[in-house]
Each structure stands twice: as structure tokens, then as C-alpha cells.
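Worth saying up front: this structure is predicted, and the values here are computed from it rather than measured. One-based numbering along the sequence shown.
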Amino acid sequence: MTERRIRSPRPVPASSLAQLLLGLETEFEVPAPFDEPTLQAAEQAVAELQLPEEDATQIPFFTIDPVGATDLDQAMFLERNDQGYTVHYAIADVPAFVALDSQLDQVARQRGQTYYLPHRKITLHPPLISEDQGSLLPDQTRPAFHWKISLDADGALGEVELKRVRIRSRAQLDYASAQARLDSGEPDEQLELLAEIGAARLNQEQLRGGASLNLPDQEIEEDGEGYKLVSRAPLPLEEHNAQISLVTGIAAARIMLKAGVGILRTMPAPDEEDKQEFRTQTQLLGKPWDSSISYGQYLHTLDVSDPKQLVIMHRAAALFRGADYQVIAGQPEEELIQAALAAPYAHTTAPLRRLVDRFVLLTCYLLSTGQPIPDQLTAALDELPGLMRTSSIAANRVNNAAVDLLEAYVLKSRIGEEFEAIVLKDAVAKDDGSLRPGTLQLVQDPVTGQFAGSAKPGTLVRVKLVQADPKTRKIGFEIVA
């Protein structure tokens, strides 16, 4: 089972599919286009922008994102020093455009986050800000929060400085090209340092008892006259880049916890019964978790190209549930841990795309510079957990529906065809005596679906596709062997 997310390289031209995708927007009531007063407010915010006095344009920042990205939240520059490393991390200064309680702020609170659909994205902020004046595009002077993060030679977090500056990114890289360059052996100090620091931070994560779950993405590709789904595992540089973002979120949490003010992304630890069940499942699936290594170390031994090991990875992801946002209010620190990271953590580095990050950045900046937290910000922090829960539920619902729709659309011409699959969940008896169908993952295609029949989780089976209806977004199989 791949990550429930579709990346489509371009709007899909098939009219029937396009109509179905547009129908999702109505069915799930995604945010409407920005109205004229909001667009005018964005224009006014850009016209009135005052760049920070401190000039950091001499730092040769670069960005690295998926191909074609325009909402660039983060830029970095990495250095090696006598003690270890210095990470210069610039995050788009969205608060410079979106004042507390302004028209833009109220609209962003209603949206909560950017919605990514196969045919288009529905941005958190007007495109003038999110994809132009607020985005850290190359060769453009932009306001940014400059995180200067010290790491020792082993990648452990040290001193942190935070300022508001103006920067000028030198280059916009994409993951695939950057990974190819690094793999070629062509000298590139920044990419080499990114890989080195990322690996060190991954080791720190494992030492803490944390675990990164790098699940494959689904992508839709043109295939002659139709389309096909493919599974794409994250590149190493994507994982390393994620570690730069994570260490910044850990640094932000540390700043806010010290002051007793702020909002964190939390997740409870799995209970021992669930962990023991997971350990048993790894044995049944042929890749037992040796108790001599940590949970995180074990996950890094998994090869997700192996269907059974991919199932293990997804079962590992299911261990960590209950992610939420909590306002700091004097709780014991152990109640504010993000269990998958085994550390306190805050969403900090995506303010163009996620509402809460803007408030975390502003809070950390005020605390770092000894300024008071205004009442408007305190009130906003209290509202954020509810706002983020609501928007996350809405975004996940339409995202999952889009994935189901595209899977059904791609498979509709293959009804009657047989596939090899691995069972994820067996059928379950419902209260009325009927059976809730089981769930399976195709081995050769990145598709999940329901099946009729009985088979234990982890079992390899032969199934026939009996249903693939894009209108109802249903896929069904029956076991034939």
C-alpha cells in the first residue's frame, strides 16, 4: 500500500475524468476561488511590504523541491566548521504579508492549508503571495526567517539563532536532477553536505528511538491513449531534506517549551500491546524485528520494493496514530512528544502551505528577540488546534477520494484481469452478521482495494478484478487462488 497521495505531472486531459475530478470539488466543498476583496488585500499587502533591515542576500541559499514547484517555503545553505555543521535555513516570511486578524488572516484560517488535487491545487493564500511575492524563487529578494542552527559532528542539535532578514536564493533545484548529480560523483559541496547532515540527523533520530516512515507515492502517468499508476519510492535527498525541516521543527519546539508559550505537533507513543502485535506480524511476514536493534533502525532495514516488507512499513505507520496539535499550557513535556520523532516538535517550515506554521514562526521570532507575545497571537494559538483538525480532515477526505477515483479510472479497462496481491486486512464480521470486505495491495501495481473471500493478513493471493467504477470510486476483487 503506497502513500495515499497522487502526484500528477499535468492536468489530465480526458474530459470524463476531468469532469469527475471537478465533481470532487463540489462534493467535498473544497474552498472556493478567492473573492475580489481578498485578492485586493493581497495586492495591498505586497505594495506595502517593507523588507527587513538585515541583509542576508550574500548567503548563497538554494531551494530543492519537486519539479515545477512554485510555492517555495524553504531555502538553505550548509557549512562545515570545526565543531560540526551550520545550517542556514530560510523560511518564507508569510507574516510580513499576512497581519494578525487581517482579511488575509481570516481567509487563511478558514482554509487551513493548501489542497493538492490531481488536476490543480487550491492554495492557502492568494497566488500573488503563495507562488510569487512570498515564494523564495531564485534571483528574487524576499523577506525570510533565517534560522541559524548549529549541529555537532554527530548531527546533535546545538545553539539556534533566529532573525528576520532579506535573502536572495541563487538556485531552484529539483530532487531528481539533484540526486542524479550527486550520484554521478560530480563535485557539489552543498548536495554532499545535505546528504552528510541528513544521514547524521537520521542517526540521531534512531538514537532517540524515533522512526522515519518513507512510504512510496503513487503517480499517474500517460500510457499511450490511457493512464497507468506507478509507485515511486522517495529519493535519498528527499529524506535528507526532510531532516533539515525536522531539526528546525525540533528547534522551534525547544524555543517555545522553554518560554512555556506556543503550539506543538504531538503524537502519543504506541502501547506495548500494539508493539508486540507488530513484532509478531513482522515474523509472520518473513522479516522479523530483532530485539537487538531499535524500532527506527529496524524500519531502515526494510526494502519497500518487496510487497511483504511494504506491508510491514504500512503496519508500522499504523502504530503511530492520534497526531494532533496542542497549545503549550504547563503540561509535562512527556505529554507533548511527537512519538514518531521521539522529541517535541512543531510544524514550522511550510507557512505558504499550512496555517499553523505562520504562527509558530512568529511566536519563535518574538521569543527569540525578547519581544512580548501580543494578545492577538495568544488568542490565535488557542484557536489553531481546532482549525487544523478541521482542515486536515477535509483535505484528507478529498485527497483519498481523488486517489480512489484515479485508481478506478486507470483499472476500469482491466476488469476480468487477474493479479497477484498481498492481503492487508481480512474480512471482518459486522454487527448485523454481514462481512466487511477485506483489503489487499496489488504486488505489481500501486493499488489497494477490497476483496471478497477469506485470507489472513500477509498472505499472497491471486485475485480477479470484478469492479472498477470511477463514478462510485469503488474497486473490488475476488480471490481465485
Side-chain angles (χ1 to χ4, degrees), residues 3 5-12 31 34 42 46 60-78 88-94 97-98 108 111-145 147 167-182 188 190-191 194 198 214-221 230 232-246 248-249 347-355 357-358 361 395 399 402:
E3 184 74 13
R5 182 169 71 228
I6 288 276
R7 293 182 182 176
S8 181
R10 61 184 63 84
V12 183
F34 293 102
V46 168
F61 286 103
F62 69 95
T63 61
I64 182 167
D65 293 274
V67 173
T70 52
D71 47 356
L72 309 184
D73 294 281
Q74 313 113 11
M76 74 180 78
F77 177 70
L78 309 170
H88 297 272
Y89 207 38
I91 309 300
D93 189 347
V94 180
F97 298 92
V98 184
R111 293 181 173 232
Q113 58 191 284
T114 293
Y115 288 62
Y116 291 93
L117 298 177
H119 57 300
R120 73 185 188 100
K121 64 183 175 186
I122 300 160
T123 58
L124 174 60
H125 305 100
L128 178 63
I129 293 173
S130 62
E131 300 183 277
D132 188 357
Q133 297 298 310
S135 179
L136 305 184
L137 298 167
D139 302 318
Q140 303 295 322
T141 301
R142 294 287 186 258
F145 290 94
W147 293 80
I167 72 158
R168 193 175 182 86
S169 175
R170 300 295 198 275
Q172 180 178 357
L173 308 183
D174 67 83
Y175 290 119
S177 298
Q179 188 68 60
R181 177 171 181 144
L182 186 64
D188 190 310
Q190 287 300 296
L191 295 181
L194 177 55
N214 288 308
L215 295 164
D217 289 326
Q218 283 172 298
E219 295 185 354
I220 185 169
E221 292 184 352
V230 296
R232 188 190 68 83
L235 296 168
L237 275 182
E238 291 180 78
E239 188 174 23
H240 296 147
N241 183 54
Q243 287 297 321
I244 303 297
S245 179
L246 291 174
T248 308
H347 274 157
T348 312
T349 62
L352 290 171
R353 294 169 281 164
R354 192 169 48 211
L355 176 68
D357 300 51
R358 168 162 57 93
L361 285 164
N399 180 78

> Under 3.5 Å, is there a donor-acceptor pair between the side chain of Gln179 and the main chain of Leu237?
Replying inline: yes

> Do Thr114 side-chain atoms and Leu124 backbone N/O form a donor-acceptor pair below 3.5 Å?
Replying inline: yes

>> Please find the pair of heavy atoms, one from Arg170 and one from Pro60, that lie closest to each other, and give the distance.
In response: CG-CA, 3.6 Å

>> So, taking the atom named CG in Leu72 and the one named CZ in Phe62, what distance separates them when rounded to the nearest 0.5 Å?
In response: 12.5 Å

>> Can you confirm whether Thr70 sits close enough to Ser135 that some side-chain heavy atom of one is under 4.5 Å from a side-chain heavy atom of the other?
In response: no

>> Nearest 0.5 Å, please: how far is CD in Gln243 from CG in Leu194?
In response: 10.5 Å

>> Show the nearest heavy-atom pair for residues Leu136 and Ala90, with the distance to one decimal.
In response: CD1-O, 3.6 Å

> Quick one: does Arg120's side chain have a donor or acceptor within less than 3.5 Å of a partner on Pro118's backbone?
Replying inline: no

>> Between Ser245 and Asn241 (side chain of the first, backbone of the second, donor and acceptor by atom type, cut-off under 3.5 Å), is there such a pair?
In response: no

> Got a second to check how far Gln113's CD is from Thr123's OG1, nearest 0.5 Å?
Replying inline: 12.5 Å

>> My understanding is that only residues two or more places apart in sequence, or in another chain, count here; which of them pass salt bridge (charged side-chain N to carboxylate O under 4.0 Å, His left out) with Glu131?
In response: Lys121

> How about Asp188 and Leu182: do any of their side-chain heavy atoms sit closer than 4.5 Å?
Replying inline: no

> Looking at CG of Leu352 and CZ of Phe97, how far apart are the two atoms once the value is rounded to the nearest 0.5 Å?
Replying inline: 9.0 Å

> Do the side chains of Pro234 and Tyr175 get nearer than 4.5 Å, heavy atoms only?
Replying inline: no

> Angle class for the Phe61/His88 ring planes (parallel below 30°, perpendicular above 60°, tilted otherwise)?
Replying inline: perpendicular

> Do the numbers put Arg111 on top of the ring of Phe34, so that NZ or CZ is under 6.0 Å from the six-membered ring centre and no more than 45° off the axis?
Replying inline: yes

> Is there side-chain contact between Thr349 and Asp73, with heavy atoms separated by less than 4.5 Å?
Replying inline: no

>> I'd like to check Arg353 versus Tyr116 (side-chain heavy atoms, cut-off strictly below 4.5 Å). Are they in contact?
In response: yes

> What's the spacing between Asp65 CG and Leu173 CG if we round to 0.5 Å?
Replying inline: 9.0 Å

> Are Ile64 and Met76 close enough that some pair of their side-chain heavy atoms sits under 4.5 Å apart?
Replying inline: yes

> Do Leu361 and Ile91 pass the side-chain contact (heavy atoms from CB on, under 4.5 Å) test, and can you show the C-alpha distance, the side-chain angles, and the key distance before you say yes or no?
Replying inline: CA-CA 9 Å; Leu361 285 164; Ile91 309 300; 3.6 Å; yes

> Does Gln140 reach the main-chain N or O of Asp132 with its side chain, forming a donor-acceptor pair under 3.5 Å?
Replying inline: no

> Which pair of heavy atoms, one from His125 and one from Ser130, lies closest together, and at what distance?
Replying inline: O-OG, 3.3 Å

> Is any side-chain heavy atom of Leu128 closer than 4.5 Å to a side-chain heavy atom of Val46?
Replying inline: yes

> Is the shortest heavy-atom distance from the side chain of Thr248 to the side chain of Gln74 under 4.5 Å?
Replying inline: no

>> Using modelled atom types and a 3.5 Å cut-off, is there a donor and acceptor pairing between side-chain atoms of Asp357 and backbone atoms of Thr348?
In response: yes

> At what distance, to the nearest 0.5 angstrom, does CG of Asp139 lie from CZ of Arg168?
Replying inline: 6.0 Å

>> So, using side chain to side chain donor-acceptor pair (under 3.5 Å) as the criterion, who are the partners of His347 when residues are at least two apart?
In response: Tyr325

